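Computation of the quantities below employed the complete heavy-atom set of this structure, encompassing side-chain atoms and omitting hydrogens, waters and symmetry-equivalent molecules. Computed from a predicted structure; not experimentally measured.
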Amino acid sequence: MKMNASAHRFRGRDFVPTISHRLLLEKLDRGYAKLAKVDQRLLPLSHESVPEPTVYFDGKPASVLSISSEFKLGEDAQSEKFSVVQWMTEFVSGLYGPFRMSKLITDEGGLKYFASDVRTILRKVGLAHPIAQLMAGAGLTMSKTVGDGAVYTIILGGKILERCRELMLKGLSVSTILDGLLDALNQSLCMLERMSIDVSSQREKMLMLIMNTSVMNRLPEHVRHKFANILNKVVEIVGIDELASVDVDKVVDIKAVESGSLDDSIVLDGVAVFKEMAHPDMPKRIEAVKVAVLKDELRVHEKIGRQLNYSLELGDGELKKLSDSKNAYVSSLVKKIKDLNVGFVVVEKGVTPIAIEQLARAGIAAIYGLPHPEVELIVRAVNALPTKTTLLEDSDLGWAGIVEEVDFNGKKAVLIHKCRKPKSVTVLLRGVTNLLQSDVERSLKHSLPIFSLVRECCKVVYGGGAFEIELSLHLKEYAENIPDKRQLVVKAVADAFEDVVSVLSTNLGQDSVEVLSKLRSEHKSGKADACVSSEGGVASAKDLGLYELSAVKQQAIKTAFELAYTILRIDGIITGRKLSESEYYYVKRIKGTSPERLRELKKEYGLETLE
């Protein structure tokens, strides 16, 4: 049935709502009134969504924490915490010992890393859990400060926490465990000092033994002998005093070349620079040459100052006179270099083409445009004094036995070597597998801080697990005299040190229970140097030359105990949820258009008066 407009007006005018209709209309009116009072900015747009709140009280949302955060307390937090600790301990256990394994990592960007160096692994693996990041941070700190002991620190800290977890399940309070840990730490450090052997009289010999123990274990087994000889040659060329006196990065430079194999790696008693001679006509090989290192430009300065604006008006023929004067100035600089019988010039900054041609005609080789660290390495190698060209004197020159340009499969390099008493050397790594070559390069670079520790503290302890077993027996003996529950904690720490030795023997393919039994028996009989042998069974660390720096061991023990102490004091884990794309856009818009932000923008642009 069709209705006309008058019928509609009639029905609307004469409509008498029922009670239910009236209640519905009142609710709608109240809803529109509330909506009018709401800040329209808070309403989501079509491509946005409002993040869910943390909790609800009486059906109303309340964000106690950041929106959608997840938090765990009590036993849930403890269970998750110790599960992560156990996972991290097992994750790095394969990297401990002489037969350490490697990890093949593909990061979020798709880059692949072949690494046996724990420092690289922890940085590239992308740990998400805060407990795992805390343990990784402890290992990275060890690697950066002392160059060794990162894996040992994480394993020892993890084993201590696992033993403490057992005590917590038995009803021991966290406060008692923390007191016991401090007591065990003090005893461990005292025992370390007592067991340390002063080797100041034979520093170089002990350094090489320590390097063989800590550094060589990071390298593939088939090239360990080669790199042991390389490190021996580095110490022979530079000397232990020079290695320990300054930053090692200024003494030892490591460069990689994709050609040959790792067995072809060499040590240069000088510097390698991935550059080619500045001109094709320059000599490619020079012997017994004077070297000048110039820290300025071999050209006329084009800029007079950052803030100085100037103009130059030239008449007819004056432009040619200006150009001739510039060329004459450059020629005078080149003449000064020739008069000093310089055969090789290193220019940190730029060189004009005219100077390059004149140097080439004079039979002088040159390279330019080098980063400052490489210039410093050249200066230390040739024993030159970097100076400006106008101030160059004969006493500023250095000397190199050979300067030559070489080609490594299409990659040009200038080798400056055979120097007299060089203070810097270059380890030239070669190899066809880029992943393996990079792993070796990182392992060597991360181990260099060990050299500087020799000067600070030339004391060692027996390696191969001998120190840990001796310390464990001492802690158990000390615990017998503690009258309270801290006795259980000290014994647990002693068992944790034995667990580290158990990991070592397992990685060597041995029965850890049998090895630990033999080691306890040997140490109780007075053989403090009894250690785990890589060939099987138990041997003498002194006979095998297994030593570790006391400074590294001390720092590792302190860091491991601090790690355990910190994690034990955690009673809750709060994790923020990553917002979805729509939620992210909503939060970003709300922050950007908040009243506080709008007031800041108005104040910044001077619009306060327009409010």
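In this structure, OG on Ser472 lies 10.5 Å from CE on Met191, to the nearest 0.5 angstrom. Separating the OG atom in Ser83 from the CD atom in Glu80 is a distance of 7.5 Å, to the nearest 0.5 Å. Going from atom SG of Cys164 over to atom CG of Leu169 covers 11.5 Å, rounded to the nearest 0.5 Å. Distance CD1/Ile266 to CG/Leu428: 5.0 Å, rounded to 0.5 Å. If you take OG on Ser502 and CG on Asp511, they are separated by 9.0 Å, rounding to the nearest 0.5 Å.
No donor-acceptor pair closer than 3.5 Å links the side chain of Asp179 to the backbone N or O of Arg486. Judged by distance alone, with hydrogens and angles left aside, the side-chain atoms of Ser79 form no donor-acceptor pair with the main-chain N or O of Asp76 at under 3.5 Å. For Ser424 (side chain) and Leu377 (main-chain N/O), a donor-acceptor pair under 3.5 Å exists by modelled atom type.
Here the side chains of Phe467 and Leu192 are in contact, with some heavy-atom distance below 4.5 Å.
The pair Lys553-Glu193 does not meet the salt-bridge criterion, since no charged nitrogen lies less than 4.0 angstrom from a carboxylate oxygen. Electrostatic pairing of Glu166 and Arg163 counts as a salt bridge here, judged by a charged N lying under 4.0 Å from a carboxylate O. A salt bridge does not link Lys159 with Glu498: none of the charged nitrogens is closer than 4.0 Å to a carboxylate oxygen. Between Glu480 and Lys476, none of the side-chain N atoms (NZ, or NE/NH1/NH2) sits under 4.0 Å from a carboxylate O, so this pair counts as no salt bridge. Using a cutoff of 4.0 Å between basic side-chain nitrogens and carboxylate oxygens, Asp529 and Lys542 are not scored as salt-bridged.
By the side chain to side chain contact (heavy atoms under 4.5 Å, CB included) test, Gln487 pairs with Ala479, Ile482, Lys491, sequence neighbours left out.
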For residues 559-573, tabulate all N or O donor-acceptor pairs below 3.5 Å that involve a side-chain atom, not counting sequence neighbours.
from: Thr559; atom 1: OG1; to: Gln555; atom 2: O; distance (Å): 2.7
from: Thr559; atom 1: OG1; to: Gln555; atom 2: NE2; distance (Å): 3.3
from: Thr566; atom 1: OG1; to: Glu562; atom 2: O; distance (Å): 2.7

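Smallest separation of non-hydrogen atoms from Pro422 and Asp269: CG-O, 3.9 Å. Residues Ala400 and Val382 share a closest heavy-atom pair of CB-CG1, 4.3 Å.
No hydrogens or angles considered: nothing links the side chains of Tyr152 and Glu548 as a donor-acceptor pair under 3.5 Å. Side chain to side chain, His372 and Glu376 meet the donor-acceptor criterion of an N or O pair below 3.5 Å.
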Side chain to side chain contact (heavy atoms under 4.5 Å, CB included) between Leu181 and Leu185, worked out: CA-CA 6 Å; Leu181 283 182; Leu185 173 60; over 6 Å; no
Show, in sequence, the C-alpha distance, side-chain angles and deciding distance for Met88 and Leu127, and conclude whether the side chain to side chain contact (heavy atoms under 4.5 Å, CB included) test is met. CA-CA 10 Å; Met88 276 294 294; Leu127 298 171; 4.1 Å; yes
From CA spacing to verdict: salt bridge (Lys or Arg N to Asp or Glu O under 4.0 Å), Glu75, Arg165: CA-CA 12 Å; Glu75 184 57 32; Arg165 175 61 170 169; 2.8 Å; yes
Candidate pair Glu374 and Val271, rule side chain to side chain contact (heavy atoms under 4.5 Å, CB included), full reasoning: CA-CA 8 Å; Glu374 285 198 337; Val271 183; 5.9 Å; no
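The number of heavy atoms from other shown groups lying within 6.0 Å of CD (Glu535) does not exceed 12.
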